[in-house]
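Counting starts at 1 for both ligands and their atoms, following the listed order.
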Amino acid sequence: MSTTIEIKIPDIGDVDEVDVIEVLVAENDQIEAEQSLITVESDKASMEIPASHAGTVKSVSVKVGDKVSEGTVILLLEAQADADASPQHAADDSRATEDDAEQQPKSDTASAAPSDASSEPAASKAEQDKVPKSAASSSEEKTTSVIQAGKAHELASIPPERQSPTASFAATDVAARNLPHASPSVRKFARELGVDLNLVEGSGARQRITHDDVRQFVKHALSRETDSRTDSAGSGSGLDVLGWPKVDFTRFGDIETRPLSRIQKLSGANLHRNWVMIPHVTNNDLADITKLEKLRQQLNKENAKDNIRITMLAFIIKAVVAALKKFPEFNASLDGDTLVLKQYFHIGFAADTPNGLVVPVIRDADKKGVTELAQETSELAALARDGKLGAAQMQGGCFTISSLGGIGGTSFTPIINAPEVAILGVSRSSMQPVWNGDKFKPRLMLPLSLSYDHRVIDGAAAARFNAYLTTLLADFRRIAL
Ligand code: CAO
């Protein structure tokens with residue numbers, strides 16, 4: 001025997017209206033008693049509304065986005081009253097189609113809520129007994145029993161400290177712990193994949209976790225796993241960060257798209273790894289290069305006929321080599337817990353090219369004079385700009401210099417070129433008034449920004465290295481000492 005009954009929103013406590021955020025059944029679906037029909041959400045919680053009877057869905061009266069309240073009809077069910085509902089329920093439900101809705105007791109709704117508080121324990125017990133044993137341990141089934149026992153009002157009395165958007169509730173086991181804000185189907189999906197929803201960031205309204213969030217989480221986890229397997233040092237580089245924001249920019253105006261160049265993609269991946277894996281600190285100092293710049297100009301005048309141009313970069317490379325000799329831990333690389341100290345001095349310099357940033361390396365810079373260094377940097381920079389640098393010309397670097405002095409700026413934070421442990425950023429020199437103990441004198445000051453790997457280099461050592469560089473550049477004769 002079958003009876004058509006209206007399944008309604010049960011007592012949802014102090015909340016007047018809730019949003020339908022998921023409809024889990026459709027017309028003609030065969031459903032079981034206790035099966036979730038829809039998910040509703042208030043400011044404080046999401047909860048699923050289960051079926052009180054098994055049967056066939058004749059029609060669904062709500063859709064996602066609807067606002068519903070206690071008594072709103074969810075669907076019409078051709079119920080198998082004998083098979084799945086208790087006799088008491090069957091009687092109530094058959095009455096539901098005959099009686100005026102206003103006169104129906106609350107048990108006519110899906111909640112089967114008791115009509116008065118004193119009968120609540122008995123009702124709870126009866127409903128808990130109805131939960132199939134095999135499913136009783138599942139969190140979703142617990143939800144069902146909570147709601148059917150008429151305790152949906154508990155959802156509205158969540159303590160304020162548990163109502164933050166990131167600690168939103170699902171209806172499941174509300175008393176026990178903060179649960180991630182996710183619909184039952186998302187929770188089921190996560191369970192199937194073995195995903196702990198506490199670790200997943202929700203991108204939906206009020207940080208609700210969506211199916212896509214779970215999928216992205218799994219993708220990230222898998223790529224982290226691959227990274228850590230292929231990384232011989234065994235140090236994974238993945239971070240649990242929010243997914244990249246997806247914005248339809250055309251909503252705000254005209255756009256054009258341009259794919260990243262091959263070099264940008266390669267250097268971008270390296271820069272990203274270095275930035276997230278190395279604890280960077282940058283020490284800024286100023287070198288008085290007034291005399292050095294005079295010397296440079298003088299030398300360039302003298303060598304003009306030979307077409308030789310000495311650059312400030314060449315002097316800086318020479319000074320850096322001297323500083324690396326004095327502070328060997330700067331000419332090093334980390335290999336797990338071991339520091340590899342290099343006995344050679346290959347210096348890389350960042351070169352700006354139309355296709356992106358590349359770092360040619362000057363080999364054995366300690367064995368070369370300033371003029372030779374100037375010529376070689378200029379040749380390597382030209383090759384870099386023409387895209388003709390060979391792989392070997394970019395390998396084996398000990399320390400990198402990134403000079404933006406020809407462009408501008410007063411300081412910046414260069415990103416260490418792993419597996420090196422430090423990098424020197426050079427900004428544009430400027431004439432500044434410097435107090436000499438007696439009066440202000442105009443001096444040409446060169447900003448030096450030294451980023452260092454704090455796992456290897458202490459702040460004091462970095463300050464000494466940078467101060468030593470400024471001393472050398474202020475009086476280049478000291479290089480010979
Ligand atoms: N302060 C003031 N002027 C400076 C200077 C400084 N620190 N450094 C260079 N200049 C001047 C030069 O004297 C030159 O002027 P003149 O033509 O009058 O002599 C002019 O700026 C151009 O110099 P340059 O940049 O061509 O030459 P360079 O040897 O200093 O640099 C190179 C060569 C390859 C480092 C440079 O061309 C380059 O590519 N720089 C960009 C590096 C970069 O992108 N770094 C960022 C990495 S992190 O994103």
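Which parts of ligand 1 touch Ala381 is read off a 4.0 Å heavy-atom cut-off, strictly below it: atoms 34 (C). Interface of Ser403 with ligand 1, defined as ligand atoms under 4.0 Å from a residue heavy atom, comprises 40 (N), 41 (C), 42 (C). Here is the list of ligand 1 atoms found below 4.0 Å of a heavy atom in Leu446: 7 (N). Here is the list of ligand 1 atoms found below 4.0 Å of a heavy atom in Ser429: 1 (N), 2 (C), 6 (C), 7 (N). Below 4.0 Å from some heavy atom of Thr311 lie the following atoms of ligand 1, by number and element: 29 (O). Atoms of ligand 1 lying under 4.0 Å from any heavy atom of Arg296, numbered from 1 in the order shown and given with element: 13 (O). Residue Ala351 has at least one heavy-atom neighbour below 4.0 Å for each of these atoms of ligand 1: 39 (O).
Regarding atom 22 (C) of ligand 1, its nearest protein heavy-atom neighbour is Gly406 CA, 4.1 Å. Of the protein's non-hydrogen atoms, Ser427 O, 3.0 Å is the one closest to atom 7 (N) of ligand 1. Protein heavy atom closest to atom 43 (C) of ligand 1, with residue, atom name and distance, is Leu404 CD2, 3.6 Å. Among protein heavy atoms, the minimum distance from atom 31 (O) of ligand 1 is reached at Leu313 CD2, 4.3 Å. Ranking the protein heavy atoms by distance from atom 37 (O) of ligand 1 puts Arg385 NH1, 4.1 Å first.
Residues Ser261 and Asn355 bring no donor and acceptor atom of their side chains to less than 3.5 Å of each other. With 3.5 Å as the limit, one finds a donor-acceptor pair spanning the side chains of Asp288 and Thr290. For Ser429 and Glu293, the side-chain atoms include no donor-acceptor pair closer than 3.5 Å. For the 3.5 Å distance criterion, the side chains of Ser267 and Asn270 fail to qualify, holding no donor opposite an acceptor.
Checking atom 24 (P) of ligand 1 against the protein gives no heavy-atom contact under 4.0 Å. Protein heavy atoms all stay at least 4.0 Å away from atom 18 (O) of ligand 1. For atom 41 (C) of ligand 1, a protein heavy-atom neighbour is present inside the 4.0 Å cut-off.
The heavy-atom pair separating Ser411 from Asn284 by the smallest distance is CB-OD1, 3.7 Å. Scanning all heavy atoms of the two residues, the minimum distance from Ile310 to Asn300 falls at N-OD1, 2.6 Å. Smallest separation of non-hydrogen atoms from Leu324 and Asn331: CD2-N, 3.9 Å.
The aromatic rings of Phe476 and Phe315 stand perpendicular to each other, their planes meeting at an angle above 60°, with 30° marking the opposite boundary.
Of the candidates Ile407, Asp352, Ile415, Val426, the one placing a heavy atom closest to atom 39 (O) of ligand 1 is Asp352. Looking at Arg309, Arg428, Gln297, Met445 and measuring to atom 14 (C) of ligand 1, the nearest heavy atom belongs to Arg309. The option with the heavy atom closest to atom 32 (C) of ligand 1, from among Ala382, Gly405, Gly409, Ala350, is Ala350. Considering only non-hydrogen atoms, atom 45 (N) of ligand 1 lies nearest to Ser402 out of Ser402, Pro360, Gly425.
The shortest separation from a heavy atom of Pro447 to ligand 1 is not under 4.0 Å, leaving the residue out of contact.
How far CD of Gln216 is from CH2 of Trp244: 14.0 Å, rounded to the nearest 0.5 Å. From Ile278, atom CD1 reaches atom OG of Ser451 across 10.0 Å, with rounding to the nearest 0.5 Å.
Sequence neighbours left out, the pairs with a member in residues 369-394 that pass salt bridge (charged side-chain N to carboxylate O under 4.0 Å, His left out) are Lys368-Glu376. Sorted by first and then second residue, the ring-ring contact (aromatic ring centres under 6.0 Å, His included) pairs involving residues 366-400 (not counting sequence neighbours) are Phe399-Phe465.
Only side-chain heavy atoms of Leu357 come within less than 4.0 Å of ligand 1; its backbone N, CA, C and O stay farther off.
For NZ of Lys294, the number of neighbouring non-hydrogen atoms (other residues, nucleotides, ligands) closer than 6.0 Å is 12 at most.
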